[in-house]
Chemist: 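Right, I'll just put the structure down here and ask away after.
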Number of protein chains: 2
Amino acid sequence: MINLEWYRIFLHTARTGNLTHAAKELYVTQPSVSYAIKQLEAELGVTLFHRLSKGVELTEEGKALLGFVEESLAVLDAGETRIAAMKRLGGGELRIGASQSLIKHVLLPHLNTFHEEYPDIRIRLSPGKTNIILQRIREGQLDCGLVHLPAAGEGLTIHPLGELQDGFFAGAPFRHLAERTLSTQELSELPLLSFSEDSSTRIFAEQWFAAEHSAFEPDIELGSVELLAEFASEGFGIALLTRAFVQKELAAGRLFELQTERPVPPRAIGLALHHERKLSLAARPFVDRLLENAP
Amino acid sequence: MINLEWYRIFLHTARTGNLTHAAKELYVTQPSVSYAIKQLEAELGVTLFHRLSKGVELTEEGKALLGFVEESLAVLDAGETRIAAMKRLGGGELRIGASQSLIKHVLLPHLNTFHEEYPDIRIRLSPGKTNIILQRIREGQLDCGLVHLPAAGEGLTIHPLGELQDGFFAGAPFRHLAERTLSTQELSELPLLSFSEDSSTRIFAEQWFAAEHSAFEPDIELGSVELLAEFASEGFGIALLTRAFVQKELAAGRLFELQTERPVPPRAIGLALHHERKLSLAARPFVDRLLENAP
DNA sequence: ATCATGGTATAAATCCTCTCTATGACAAAG
DNA sequence: CTTTGTCATAGAGAGGATTTATACCATGAT
């Protein structure tokens, strides 16, 4: 069997035309080179060099081979260079999945500082529903995903990242409710605003209401935190929202939070990773940073 | 230092996605493959495979590398194939130098049988003067040369191949000379036909005449055996020719040989080879055959 | 001629790397 | 809960590459 190392030795020898010099270049001794060349010649069944008194000289066969070997090793060299470049994060790509609201309110601040530090890493954000994100992580199309917990962890590792506190928020027209403490029952009879059917927030709310023996049946379904806040402040109804996401509206007095009889349970969010696949060099520092803050 | 063998192992592993299978393909054990991959990863400083529970899977870096390695090893493969083809003499080339007359009368018969046996070897004949041929052998542009001896053997090996007998030939108008035995002196006074100044035949003749205290001064100089024979048979004079080369003309009676007082010394011819360079695979059998017949 | 120089080949001992055996750990599937 | 298939690891071992030392050869200078 041909040892590919012999080709490297062959190349140096062919270029220098001198076993001794080739040996020096390769940091080995001359007999070592002599031996390797002989092995290669034996394996190929041809003489590759004429041994002259002042060095060696490629035979026709050797000349023919040299072209191939040069190209081959050059390609490998290019490969190694590419890898080295990727190692310096140059070619890196960070693929994150998250819901729209988590992207905006949780991910964005982290991404900003991360991108400053690693400007060469291309960030690809995939907005999507939790279960879709998890699926894509399983398939290796995403490096990680920011999802609401609990998440079906088939083949995934979930790192809890912290909790978000949801609440019910309304605008001026419902100001009279501010002084009261509302039961789930009462809430369910008010006009409710919420995300659409299959969002995790919606599912969470339905489950909670069900546990309280009520039904969560929103009158208006909307697709983003912004729209819900907007509609609520206009008085269309009571919106179920994450408190942290509407800080601005609260501070400005456009929204206020309703008191509930029983506190809305906090919802954990977590970072989902593939349980076996190792993180790419580009993803590693990002994930590390994320987990540092809230492990 | 990266061992190029690792790349071969990497390639098989990447293709099978399974260390165990790669190991089988390579006729080694699984830990061996595991070890090699780890070495390569350590040397490159990146992880090349995700280790999953049902095999391995290329990382981004691994995928990037794979293309290079595939190409590289394919090129080497092509090289080995080419060499194998050359070994079967397919790509062989036999470069012979010789004078015009030796080509026609000595080389041709050998070349015919040789070409029948090795039809794939391209034969390149270089007609030329002896010293030019020797020079080109020294430079490696010719594999061998058929030359008149003695030849200046600087850096060359000369194998004697046999002797050629020269003689003086004339046509019908000189028939009256046929019964006599001529001295060199007498010959020099007859109209002589010969090769041009720097041909080895001419030099040989001049030296011989000088040794006999005469001068060899041809009236007509011509460039080929055929022309000399033609002119001689037409009666232009006496031609100095190699006997074996004019057999046909002798048999047909168009020429006859003159008797000389002292026999023309035979001239040796030889095969000149480079003293250090090994013969190419294409040249080897030809030279062997040539030397077999007349060593 | 003789010697010095610069090159390769060879022999034998050594060393190191790769390979193997054996085993562990882990996940998936039955 | 066992079986099966996978990779990782440890330790022993073998064998090939490397080194050291030397021979050999051609060349060119003394």
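Residue numbers start from 1 in every chain, and the chains themselves are labelled A, B, ... in the order their sequence lines are given, proteins ahead of strands.
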Chemist: Write down the protein N/O and nucleotide N/O pairs, taken from nucleotides 2-4 of chain D, whose separation is under 3.5 Å; answer none if there are no such pairs.
Modeler:
none

Chemist: For B:Arg51 and B:Phe49, indicate whether the former's side chain and the latter's backbone hold a donor-acceptor pair under 3.5 Å.
Modeler: yes
Chemist: Check the interface with nucleotides 25-30 of chain C: list each N/O to N/O pair with the protein under 3.5 Å, or write none.
Modeler:
from   : atom 1 : to      : atom 2 : distance (Å)
C:dA27 : O3'    : B:Ser53 : OG     : 3.3

Chemist: Which pairs count as ring pair (Phe, Tyr, Trp, His ring centres under 6.0 Å) when at least one residue sits in residues 15-46 of chain A, sequence neighbours excluded?
Modeler: none
Chemist: Establish, with yes or no, whether the OP1 or OP2 oxygen of C:dC18 is under 4.0 angstrom from a side-chain nitrogen or oxygen of A:Asn3.
Modeler: no
Chemist: If you take the centroid of each ring, where Trp contributes its six-membered ring, are B:Phe68 and B:Tyr7 closer together than 6.0 Å?
Modeler: no
Chemist: With the criterion being N/O to N/O and under 3.5 Å, what pairs connect the protein with nucleotides 10-14 of chain C, and how long is each?
Modeler:
from   : atom 1 : to      : atom 2 : distance (Å)
C:dT10 : OP2    : A:Lys38 : NZ     : 2.1

Chemist: Within the structure shown, what part of the strands sits under 4.0 Å from A:Ser32 by heavy-atom distance: base, sugar-phosphate, or nothing?
Modeler: base
Chemist: Picking from D:dC7, C:dT19, D:dT18, which would you name as closest to the side chain of A:Thr29?
Modeler: D:dT18
Chemist: Return no unless some side-chain N or O of B:Arg51 is found under 4.0 Å from OP1 or OP2 of D:dA8.
Modeler: yes
Chemist: For B:Phe114, check ring-ring contact (aromatic ring centres under 6.0 Å, His included) against everything at least two apart and list the hits.
Modeler: B:Tyr118, B:Phe286
Chemist: Could you pull out all residues at least two apart from A:Glu117 that satisfy salt bridge (Lys or Arg N to Asp or Glu O under 4.0 Å)?
Modeler: A:Arg289
Chemist: Who pairs with A:Thr59 by side-chain contact (heavy atoms from CB on, under 4.5 Å), at least two apart in sequence or on another chain?
Modeler: A:Thr47, A:His50, A:Glu61
Chemist: So, does B:Asn18 get its side chain near the phosphate of D:dG5, meaning an N or O under 4.0 Å from OP1 or OP2?
Modeler: no
Chemist: Charged N to carboxylate O under 4.0 angstrom, B:Glu163 versus B:Arg267?
Modeler: no
Chemist: My understanding is that only residues two or more places apart in sequence, or in another chain, count here; which of them pass side-chain contact (heavy atoms from CB on, under 4.5 Å) with B:Ile203?
Modeler: B:Gln207
Chemist: By side-chain contact (heavy atoms from CB on, under 4.5 Å), which residues pair with A:Pro31, not counting sequence neighbours?
Modeler: A:Thr29
Chemist: Can you work out whether B:Gly55 or A:Gln39 has the more 5'-proximal nearest nucleotide on DNA chain D?
Modeler: B:Gly55
Chemist: Can you list everything that forms a salt bridge (Lys or Arg N to Asp or Glu O under 4.0 Å) with B:Glu43? Sequence neighbours excluded, please.
Modeler: none
Chemist: Going from CD on A:Gln30 to CG on A:Asn18, what distance comes out if it is rounded to the nearest 0.5 angstrom?
Modeler: 9.0 Å
Chemist: Suppose we screen for side chain to side chain donor-acceptor pair (under 3.5 Å). Which residues come up paired with B:Gln135, at least two apart in sequence or across chains?
Modeler: B:Arg138, B:Glu139
Chemist: What are the residues of residues 4-16 of chain B, sorted by number, that bring a heavy atom to within less than 4.0 Å of DNA chain C?
Modeler: B:Trp6
